[in-house]
Number of protein chains: 2
Amino acid sequence: MSNTNVLPLIEPEPAAAAAPCCPPLTERPFSADEAETAARMFKALGDPVRLRLFSAVASHEGGEACVCDISDVGVSQPTVSHHLKKLKEAGLLTSERRGTWVYYRVEPSVLAAMGKLLAFGPAAA
Amino acid sequence: MSNTNVLPLIEPEPAAAAAPCCPPLTERPFSADEAETAARMFKALGDPVRLRLFSAVASHEGGEACVCDISDVGVSQPTVSHHLKKLKEAGLLTSERRGTWVYYRVEPSVLAAMGKLLAFGPAAA
DNA sequence: CATCTATGTTGACATACGTCGAACCAAGGG
DNA sequence: CCCTTGGTTCGACGTATGTCAACATAGATG
C-alpha cells in the first residue's frame with residue numbers, strides 16, 4: 001500500500017460493454033442478442049476465483065486495487081492475471097499502470113446494469 | 001395464470017441454494033466459500049441459451065411456463081432439457097409435472113439474493 | 001394394449017475453460 | 001548496466017461444457 005491518494009480525475013472513457021444491455025430478466029423473453037450480451041457478464045462472474053478478485057477490487061478503498069493487494073486467492077500469479085484479463089474483457093474492470101504497480105478498478109455502470117437485470121420490473125414479487 | 005394470489009406466508013422452504021448466500025460484492029472481499037456459492041448462480045446464467053430460457057420462464061405469466069412454450073431458442077429439444085436441468089440444479093428454477101406437460105417456475109428468493117449481490121452496499125461508489 | 005405426443009436421459013464429440021511453469025516486458029535501485 | 005520485484009504472455013494439459021442423435025419414460029387417447 002502506499003498511494004491511496006491518486007485522484008480519479010481523468011477517466012478517459014473505459015470501453016463499451018457496460019450499460020446499454022437489456023431489460024430486467026422478468027420483463028420479457030430475452031432475444032438471442034440480449035442473451036449473448038448479458039450472458040457474457042454473468043459468465044465472467046461465474047468463476048469463484050474471478051468472483052473473489054472482483055469482490056476484492058470492488059470492496060477495496062476507492063473501488064480500486066493493485067494486483068499485489070488482491071492476488072491471494074489460492075491460485076498462481078499468472079492465473080490471477082488471466083482472470084483479471086477476463087474480467088477486463090467482459091467490461092467489468094479497467095486497468096491502469098501507475099509506476100511499478102497495475103491498478104484495477106470496477107466499472108460502476110456495469111454493476112448497475114446487472115443489478116437492473118436481476119431486479120423485478122414493476123411490482124412482481 | 002391462476003394463482004397470483006398466493007400469499008407468501010407459509011413458504012415451506014424451497015431448497016437450500018437460495019437466500020443465505022453472501023453480502024454485496026462491494027462490501028468486503030468474498031471468502032472462498034461465498035465465492036463458490038455465488039459463482040454457481042452466476043455461472044448458471046452465464047450461457048445465452050440458459051439465460052433465454054430463464055428469462056422466458058421469469059417473464060411468463062405467473063412466473064411459470066411449460067417447456068413447450070419456451071423451447072424455441074434455436075437448439076434441439078434435448079439441449080433445452082439439459083439446460084433446464086442445469087438451472088434447476090443451480091436452484092434458479094423448480095419444475096413440476098402437471099398432466100402431459102412439465103412446468104418450470106422461477107425461485108424468487110434467488111433473484112432477490114443475486115440482486116442484493118450486485119447492489120451497492122451503504123454508500124459506495 | 002397400441003400409439004402418439006411431450007420430456008428426460010445417455011453416449012459421443014468438439015470446443016472452451018482453468019491452471020500451471022517458463023519465458024518475457026516494465027520500472028526502480030545499486 | 002545488471003539485477004530484483006511486479007505483471008503479463010505463451011504453451012501445454014486435463015477437465016468441464018454445450019450440442020446433438022438415439023433411446024427411454026410418462027400421460028393421454030383411441
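Reminder, nothing fancy here: chain letters follow the sequence lines and each chain counts from 1.
Shown here for B/Pro48 and A/Ala35, the closest heavy-atom pair between the two residues is O-CB, 3.5 Å. Minimum interatomic distance between A/Arg105 and A/Val57 (heavy atoms only, all atoms of both residues): CA-CG1, 3.8 Å.
Phosphate contact (OP1/OP2 of C/dC17, side-chain N/O of B/Lys43, threshold under 4.0 Å): absent.
A/Leu87 places its CG atom 13 Å from the P atom of C/dC17, with the value rounded to the nearest Å. Protein atom CZ of A/Arg40 is 17 Å distant from nucleotide atom C1' of C/dC17, rounded to whole Å.
Annotation: salt bridge (Lys or Arg N to Asp or Glu O under 4.0 Å) contacts involving residues 90-103 of chain B, sequence neighbours excluded, comprise B/Glu64-B/Arg98, B/Glu96-B/Arg98. Within the structure, the disulfide bond (SG atoms under 2.5 Å apart) test picks out no pair touching residues 24-61 of chain A (sequence neighbours left out). Under the disulfide bond (SG atoms under 2.5 Å apart) criterion, the residue pairs touching residues 32-99 of chain B are B/Cys66-B/Cys68, with sequence neighbours excluded.
Classification of B/Arg28 and B/Glu34 as a salt-bridged pair holds, one side-chain N sitting under 4.0 Å from a carboxylate O.
With sequence neighbours excluded, the residues forming a side-chain contact (heavy atoms from CB on, under 4.5 Å) with A/His60 are A/Ala65, A/Asp69, listed by chain and number.
Residue A/Arg50 is classed as a sugar-phosphate contact, given heavy-atom separations below 4.0 Å to backbone atoms only.
Boundaries of the chain B contact region on DNA chain D are D/dT17 to D/dA28, first to last in 5' to 3' order (nucleotide atom under 4.0 Å from a heavy atom).
A continuous path of Ile, Leu, Val, Met, Phe, Trp and Tyr side chains, each step under 4.5 Å between heavy atoms, connects B/Leu92 with B/Leu118, placing both in one hydrophobic cluster.
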What string of B, S and - do you get for nucleotides 4-10 of chain C, 5' to 3', if B is base contact, S is sugar-phosphate-only contact and - is no contact with any protein heavy atom under 4.0 Å?
--SBBB-

